[in-house]
Amino acid sequence: MDYIKAFLVGGLICALVQILMEKTKLMPGRIMVLLVVGGSILGAIGLYQPFIDWAGAGASVPLLGFGNTLWKGMKEAIDKDGMIGLFKGGFTASAVGISAALIFGYIASLIFEPKMKD
């Protein structure tokens, strides 16, 4: 049941973003920023963690979850190191995900020979 719930929640988030992309003039980059900032804000006011606890990976994997991860990393680092944590907490918390995206993106570019759009 956890897998079904995660699939449905993640799919619903993706469907809502797709509707936002098609029905507004917002560019994809701005929508991505909105998702990350939205996840950070929801994490800061305490609403996102209960959502993750209920939905599992369906809530933690999309960009909303990335924003929440940045927020949690900053909060922990500020509590531990003071104001310097404001600058390093988000990087520390998300370093593995960012590194994986870069490494796998590079490997995919070697395998599939990407071409620039005209």
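Hydrogens, waters and symmetry mates are skipped; everything else that's a heavy atom, side chains included, is used.
- The shortest heavy-atom contact between S94 and L70 is OG-CD2, 3.5 Å.
- The CG atom of D81 sits 11.5 Å away from the CG atom of L86 when rounded to the nearest 0.5 Å.
- Here the closest heavy-atom approach between residue G85 and residue I78 is recorded as C-CG1, 3.8 Å.
- In this structure, E22 and I19 have side chains that are not in contact, with every pair of non-hydrogen atoms separated by 4.5 Å or more.
- With values rounded to the nearest 0.5 angstrom, N68 atom CG is found 11.0 Å from F51 atom CZ.
- A continuous path of ILVMFWY side-chain contacts below 4.5 Å connects L26 to L63, so both sit in one hydrophobic cluster.
- Of all the heavy atoms in P62 and A57, the pair that sits closest is CD-O, 4.0 Å.
- In terms of heavy atoms, A93 sits closest to G73 at CB-CA, 3.5 Å.
- A distance of 9.5 Å separates CD1 in I41 from CG in L34, rounded to the nearest 0.5 Å.
- Residues passing the salt bridge (Lys or Arg N to Asp or Glu O under 4.0 Å) test with K72, sequence neighbours excluded: none.
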Practice prompt. Begin with the C-alpha distance, continue with both residues' side-chain angles, and end with the deciding distance and a verdict on side-chain contact (heavy atoms from CB on, under 4.5 Å) for V17 and L35.
Written response: CA-CA 9 Å; V17 170; L35 289 170; 3.7 Å; yes

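- Proximity of a side-chain donor or acceptor of S40 to a complementary backbone N or O of G67 within less than 3.5 Å is detected.
- With hydrogens and angles disregarded, a donor-acceptor distance shorter than 3.5 Å links the side chain of Y48 to the backbone of A59.
- The distance from atom CG of L64 to atom OG1 of T69, rounded to the nearest 0.5 Å, is 11.0 Å.
- A 4.5 Å side-chain heavy-atom check between M74 and F87 finds every atom pair outside the cut-off.
- Here the CZ atom belonging to F104 is positioned 10.5 Å from the CD1 atom belonging to I111, to the nearest 0.5 angstrom.
- Both L42 and M32 belong to a single network of hydrophobic side chains, linked directly or stepwise wherever heavy atoms of I, L, V, M, F, W or Y lie under 4.5 Å apart.
- Taking the ring pair (Phe, Tyr, Trp, His ring centres under 6.0 Å) definition, one finds that F66 meets it with nothing, sequence neighbours left out.
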